[in-house]
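Throughout, a chain's letter reflects where its sequence line sits, starting with A, and its residues are numbered from 1. Note that the structure is a prediction, hence the values are computed from the model and not measured.
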Amino acid sequence: MKAQELAKAYNPKDFEERIYERWMEKKVFNPDYNPNVKDGRSFTIVMPPPNVTGILHMGHALNNTLQDIIIRYQRMKGRKALWVPGTDHAGIATQNVVERQLAKEGRRRQDLGREAFVERTWQVKEKHHDIIASQLRKMGCSCDWDRERFTMDEGLSKAVREAFVTLYERGLIYKGQYLVNYCPKCGTALADDEVEYENMPGKLYDVRYPYADNPDEYITVATTRPETMFGDVAVAVNPEDERYKHLVGKKLILPLTDRQIPIIADSFVAMDFGTGMVKITPAHDPNDWECGRRHNLEAINLLNPDGTLNENVPEKYRGLDPVSARKLVVEDLKAQGYLVKETDHAHDVGHCYRCHTVVEPYLSDQWFVSMKGMAEKALKALRDGDITFYPRRWENTYIHWMENIRDWCISRQLWWGHRIPVWYCDECGEMIVSREDPSECPKCHSKNLRQDPDVLDTWFSSWLWPFSTLGWPGKTADLDTYFPTDTLVSAYDIIFFWISRMIMASEEFTGKAPFRDIVITGLVRDKQGRKMSKSLGNGIDPIEVIDIYGADAMKFTLCYLAAQGQDVQIDMDSFKMGSRFANKIWNAVRFLLMNMEGRELVSISKERLSTMDKWIYTRFNESVKAIDAAMENYRFNEAAQAVYSFFWNDFCDWYVEATKQRLLKGSQDEQNLSISIMIDLLDKSMKMMHPFLSFITEEIYQKLPTTKEGDELITQLYPAADDDFNFPEEAKQVESLQEAVRSVRSVRSQLSIPPEKKVKVVIKPSPSFAGAALFSAESSLMASFTNASEFIIDNDGCEDVSDALPSSAIGYEVFTFVKDAIDIPSEIRKLTLEIEKAGKQLEGTMKKLSNPQFLQNAKKEAIAKEEGKKAEFEELISKNEEHIKLLRKLG
RNA sequence: GGAGGAUUAGCUCAGCGGGAGAGCGCCUGCCUUACAAGCAGGAUGUCACAAGUUCAAUCCUUGUAUCCUCCACCA
């Protein structure tokens, strides 16, 4: 029946998809489904919305794996657990995708017109969204699809307008002509943090600027961008510069033109760079812009929106791009004797983070958000302990950014995005900022209104994500229940773009921090340590991993490798780890369920437990505690390790092996008890492992005889450590037993005793050894573990062991009867080495114990431990010495 | 110029004030009534270097070296 379905080999394809479909059908991801919510407390995660520009990569897989583990764990802890999924319209990025498509057809977006272009972009969005959603489902993400959102859906668009208008009303949004970063290819302004700097080789040109009143004399300025000289409005020197002090106020002639510009003094000029004289070009350099404002200088814009030079430069340079113009200007300067020299000069050049075109500072009308006040609130949230970063070190990064924040340019000259909710009246010029589309001008009642053509920065919608997805600005039940959210999981590359701004927005609009814990994951890299990227082609497709190894394998492997905040380096083979583990689980369960027949489940009472049973329950308790502690601190790799070593090393390797005899050959009563305990442990283990290996555990849970019809593992309560089934004393004894078994196995292996040869083993416990009773009780088990003909626990000391190979452990001696195979001199050498080693260790211990300062300062436990070690080392040495004597006699 | 991270077994990485760990790989022996995607046994490390703090340092402090991020930049 049930067991037969498990008789097959592990193949995740057999059940992963099916299980997800059932979860979806029953809507178990909706927190309202959960029948085991304990006290109504919620636990909320909002998913960092992936961009609808492409498909999910390994970084997303890591990120969503961790979120899924957290939310499943919290769900099983009895919380009303909600994970909100969604996608981001990703303004520039998505527009670029569509524009590239158009370019292949030989068209530009202008050929389509705004409406058609946006329509086409929606299609791209739909397509990518569907791929992303299906990827998340394949991964097994337990997010509530009923609450899925998109940054441009109706509700979120409303939130965006609300945020914009509110900030405007609070005087925190303003429009003005400023120097902004501008990508000529994307044709739009960028925020400061959307510019990536890259060190590039360049040249520093020293150029002569003649005096107006004496053209034979000149000063020399140094510049990397001579083509911008037509926008020069001054030359600046440092007011402290003794060389040039007397020149301030003099006029110069701008070469290649007949324009005159003054020499001014400004302290931003570095005296030790170049010539100490700087040409001031306010429209094309941020520093010059600031300087120009200080001195009330005109800003002459030289650029067209497409990045070519405009009518403000001499005719021969018009229409050229800056690089070609530079070449020509330099030639002309050289020809006319103005160029003094050119030197190589590497410097950082800004590039667009989306298309990697060189960014130009560009003077234009843009909308800005005033950030200082919001940053202060966001800093306070951290100081007050409302938010915590894991790992903590990212808090410095956050603080530094907040303290040095600059106003945020939010207007983009794009078509894809939230249109700025501002209208201009063609009749009277009135500007209308409104939550609703206005039907007429409130001032002159004209209906000739034009909406601002620009859209908002994509982050202007995503910074509202934690509350806009829950219904803000409406007052919804979801907001009441699930906001503030609990944990945000994100990579560190969007701390500035997104995390910091979400905190600011949330404090500004809701008065609360949007989440409590911020888990910063590392980046996923390839085995050469390179960031996985499309352009390098070194990415691993999560779906391919799932196809080969299954979703559980991928998820478990990522979790196991995700040490807090560290980057993870992986390749395709890395996932074998998780795959093998899943396979191991499958097979262990298969074995046990195959042996259900002829046995019936009985209740398990503490009194009937064997020492091995007590040990495994104790180990289970310890593992659960370790997992709880790890999850509490988002130490995912530690949780995964605890799961792994419990199930594989303890349960499979020792417990199942040790209880096989009882299960297969014991009395009916013993068999019943044995399978009952096994099933109980499987039930508990599936629960324990479910957050980490969701599909396989659910599949197995459905096949356990103790599972009630209709129960889903996903909403069962997480196991807690059970004090009533905790037996530390017995557990310790079992560890001694394991050690004794390993010792005999080791002897056999090292002496190459063939497996078919059974040998006699005698154990001589010392009088104080607490495990003696267990050893006696389990001597036949130990015999089978070590392939012994007989395994005697010699409590009376009457066994003759003079023919055996001795080895010692703490509390007992092991004698293996392998006389023929013993190489006496080699064994004596081994023992001698052991004595030497123990001697050295004893020496170290004695040194500590004879040090009065150690006895005085060290913790009591540390001293006790050293004393214990002393006794152990002494025991080992004296026994080994005896053993050498025995061996000598034998030879 | 500032900030942060990394340096531990051949590889990828945990650990972090009191006797060096995992997975993979490697060596040996096993198809032992679930699992060869397995079982058993084994080898492998001046815990980057140098000082300091401490009774005690792989772990804390400082410095050095190498590598990697991020931020800010002098034209």
Side-chain angles (χ1 to χ4, degrees), chain A residues 6-7 9-10 193 197 204-205 221-225 228 236 268-281 285-288 345 347-348 391 393-394 396-397 400-401 404 492-493 495-496 522-523 525 527 529 531 549 557 560-561 563-571 573-574 576-595 635 637-638 641 644-645 652-653 656-657 660 664 741-742 745-750 752-756 784-787 841 844-845 847-848 851-859 861-863 865-866 869 872-873:
Chain A
L6 263 166
Y10 170 63
D193 48 18
Y197 291 90
L204 188 62
Y205 303 91
V221 301
T223 179
T224 53
R225 305 198 53 194
T228 65
F268 96 94
V269 180
M271 291 185 275
D272 55 358
F273 187 88
T275 58
M277 290 193 145
V278 189
K279 67 191 207 54
I280 300 300
T281 323
D285 180 277
N287 282 308
D288 294 4
H345 178 70
H347 60 139
D348 291 346
R393 69 181 127 90
W394 290 108
N396 291 331
T397 311
H400 184 260
W401 189 74
N404 294 284
Y492 53 74
D493 50 357
I495 291 181
F496 304 137
L523 301 178
R525 299 176 179 280
K527 285 270 170 166
K531 202 170 157 175
Y549 298 109
T557 303
Y560 190 91
L561 295 175
Q564 197 177 72
Q566 287 309 122
D567 291 352
V568 287
Q569 295 196 27
I570 49 164
D571 60 16
D573 284 346
S574 305
K576 281 184 180 161
M577 197 246 137
S579 173
R580 283 181 182 157
F581 185 43
N583 184 57
K584 185 73 184 178
I585 295 170
W586 186 264
N587 282 310
V589 173
R590 176 159 72 145
F591 169 69
L592 294 173
L593 291 192
M594 275 179 350
N595 285 295
R635 307 194 66 103
N637 59 326
E638 290 178 11
Q641 259 170 54
Y644 184 96
S645 71
C652 292
D653 288 350
V656 174
E657 292 304 325
K660 251 182 193 170
L664 300 176
V741 168
R742 282 193 197 104
R745 281 174 174 168
S746 177
V747 166
R748 290 191 61 116
S749 174
Q750 283 178 23
S752 302
I753 313 290
E756 65 274 13
S784 85
F785 269 160
T786 56
N787 205 16
Q841 289 172 311
T845 297
K847 202 174 140 195
K848 283 184 187 170
N851 182 342
Q853 280 167 307
F854 172 73
L855 296 173
Q856 197 186 319
N857 297 328
K859 279 177 279 180
E861 307 87 76
I863 296 171
K865 202 171 171 191
E866 287 303 319
K869 273 154 71 177
E872 286 178 10
F873 295 142

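Along RNA chain B, the nucleotide nearest to Ala563(A) and the one nearest to Phe268(A) differ in position, and the one closer to the 5' end is contacted by Ala563(A). When each of Ala588(A) and Tyr560(A) is assigned the nucleotide of RNA chain B with its nearest heavy atom, Tyr560(A) is the one assigned upstream, toward the 5' end.
The same atom, C1', is picked in U46(B) and in C55(B); the two are 24 Å apart, to the nearest Å. A3(B) and A48(B) are spaced 22 Å apart, taking the C1' atom of each and rounding to whole Å. Look at the C1' atom in both A9(B) and G4(B): the space between them is 28 Å, to the nearest Å. Taking atom C1' in both C24(B) and A34(B), one finds a spacing of 24 Å when rounded to whole Å. A gap of 10 Å separates the C1' atoms of A57(B) and G18(B), to the nearest Å. Spacing between U58(B) and G17(B) at atom P, rounded to whole Å, works out to 13 Å. Of the P atoms belonging to A20(B) and U44(B), the separation is 15 Å, rounded to the nearest Å. Distance noted for atom P between C16(B) and U69(B): 27 Å (whole Å).
Here C24(B) presents its P atom at 13 Å from OH of Tyr549(A), a figure rounded to the nearest Å. G1(B) atom C1' lies 11 Å from atom NE2 of His400(A), rounded to whole Å. In this structure, Lys859(A) atom NZ and G17(B) atom P are separated by 9 Å, rounded to whole Å. Rounded to whole angstrom, the span from the CG atom of Asn787(A) across to the C1' atom of U32(B) amounts to 9 Å.
For the pair Glu872(A) and Lys869(A), the salt-bridge criterion is not met [side-chain N within less than 4.0 Å of a carboxylate O].
Listed by first residue number, the stems of RNA chain B with at least three Watson-Crick or G-U pairs below 3.5 Å are B:1-7 with B:65-71, B:10-13 with B:21-24, B:26-30 with B:38-42, B:48-52 with B:60-64.
A close approach under 4.0 Å does occur between a side-chain nitrogen or oxygen of Gln569(A) and OP1 or OP2 of C13(B). Residue Arg580(A) has a polar side-chain atom (N or O) positioned under 4.0 Å from OP1 or OP2 of C24(B). Between A37(B) and Asn583(A), no contact under 4.0 Å exists linking OP1 or OP2 to a side-chain N or O. Between Ser746(A) and G42(B), a side-chain N or O to OP1/OP2 separation shorter than 4.0 Å is present. Between Lys584(A) and C39(B), a side-chain N or O to OP1/OP2 separation shorter than 4.0 Å is present.
Here Asp573(A) pairs with Tyr549(A), Asp571(A), Lys576(A) under the side-chain contact (heavy atoms from CB on, under 4.5 Å) rule; sequence neighbours left out. Here Asn595(A) pairs with Phe591(A), Arg599(A), Leu663(A), Leu664(A) under the side-chain contact (heavy atoms from CB on, under 4.5 Å) rule; sequence neighbours left out.
Looking at Asp567(A), its side chain never comes within 3.5 Å of a backbone N or O of Gly522(A) through a donor-acceptor pair.
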